[in-house]
There are 2 protein chains.
Amino acid sequence: MCEANAYLLGDKSEILVMESVDHVSPEGDGLKLVDIFGEQKFLRAAIHSLSLVDHKVFLKQLDDRDG
Amino acid sequence: MCEANAYLLGDKSEILVMESVDHVSPEGDGLKLVDIFGEQKFLRAAIHSLSLVDHKVFLKQLDDRDG
């Protein structure tokens, strides 16, 4: 299984937001993450970068502007 | 190894742009893809979505605006 862990990139840190992520897709003004167990999480973030052999997905938070 | 294949999303199709992708990261106004053999490719695109258990990374082309 090639799921990955999703990290939110902070100033000088990476915060683990979800483990065993399978699907990541745009939803509304953010991203929907779904893990291999079907658990879902929504984040106001975008996909920043990937390091797949290391099983890592990096997300960056979107700033909190409204339309 | 948990590399993936990268597809560019078209209107009604997915075009395979690189196999065995390990790293995807922002570079300039696009993305740099690096496969497990160290080969690099640059695309004016953003990461759209991921389907990791299926080993798929979906990219969307950025429109060709300057400045």
Side-chain angles (χ1 to χ4, degrees):
Chain A
M1 293 280 273
C2 282
E3 70 278 6
N5 295 329
Y7 298 85
L8 198 60
L9 291 174
D11 270 352
K12 288 175 183 170
S13 59
E14 303 161 1
I15 301 159
L16 178 64
V17 289
M18 195 177 209
E19 292 182 290
S20 304
V21 173
D22 178 8
H23 292 280
V24 181
S25 55
E27 181 143 315
D29 55 357
L31 292 173
K32 184 175 74 172
L33 282 65
V34 185
D35 71 13
I36 56 171
F37 311 105
E39 291 290 316
Q40 299 189 5
K41 197 170 272 192
F42 176 82
L43 289 173
R44 272 189 48 73
I47 303 170
H48 176 267
S49 55
L50 309 173
S51 185
L52 296 171
V53 173
D54 287 340
H55 298 246
K56 289 184 174 183
V57 172
F58 297 104
L59 312 175
K60 60 180 173 195
Q61 195 130 22
L62 298 174
D63 35 317
D64 227 351
R65 287 177 301 186
D66 288 334
Chain B
M1 294 281 273
C2 281
E3 69 279 7
N5 295 328
Y7 299 86
L8 198 60
L9 291 173
D11 270 353
K12 288 176 183 169
S13 59
E14 302 162 1
I15 301 159
L16 179 63
V17 290
M18 195 177 208
E19 294 183 289
S20 304
V21 174
D22 178 7
H23 291 280
V24 181
S25 55
E27 181 142 316
D29 55 356
L31 291 173
K32 184 176 75 172
L33 283 65
V34 185
D35 72 11
I36 56 170
F37 311 106
E39 290 290 316
Q40 299 189 7
K41 197 170 272 192
F42 176 82
L43 289 172
R44 272 190 47 73
I47 304 169
H48 177 267
S49 55
L50 309 174
S51 186
L52 296 171
V53 173
D54 288 340
H55 298 246
K56 290 184 174 182
V57 171
F58 297 104
L59 311 176
K60 60 180 173 195
Q61 195 130 23
L62 297 175
D63 34 317
D64 226 351
R65 289 177 301 185
D66 289 334

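The chains referred to below are lettered A, B, ... by the order of the sequence lines, with proteins before strands, and numbering in each begins at 1.
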Hey, quick one: are L50(A) and I36(A) part of the same hydrophobic cluster, counting side-chain heavy atoms closer than 4.5 Å, chains of contacts allowed?
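No.
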Hey, any chance V53(A) and L52(B) share a hydrophobic cluster, counting ILVMFWY side chains that come within less than 4.5 Å of each other, even indirectly?
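Hydrophobic grouping puts V53(A) apart from L52(B).
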How long is the gap from CD1 on I47(A) to OG on S49(B), to the nearest 0.5 Å?
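So the CD1 of I47(A) and the OG of S49(B) are separated by 6.5 Å.
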Which atoms of V34(A) come close to chain B, meaning under 4.5 Å heavy atom to heavy atom: side chain ones, backbone ones, both, or neither?
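Neither; nothing under 4.5 Å.
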Fellow cluster residues of F58(A), listed by chain then number, with links counted only when side-chain atoms sit under 4.5 Å apart:
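For the cluster that includes F58(A), the remaining residues are Y7(A), L9(A), L16(A).
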Chain B neighbours within residues 17-28 of chain A, where any heavy atom lies under 4.5 Å away:
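When heavy atoms of chain B are the reference, residues 17-28 of chain A contributes V21(A), D22(A), H23(A), V24(A), S25(A), P26(A) within the under-4.5 Å range.
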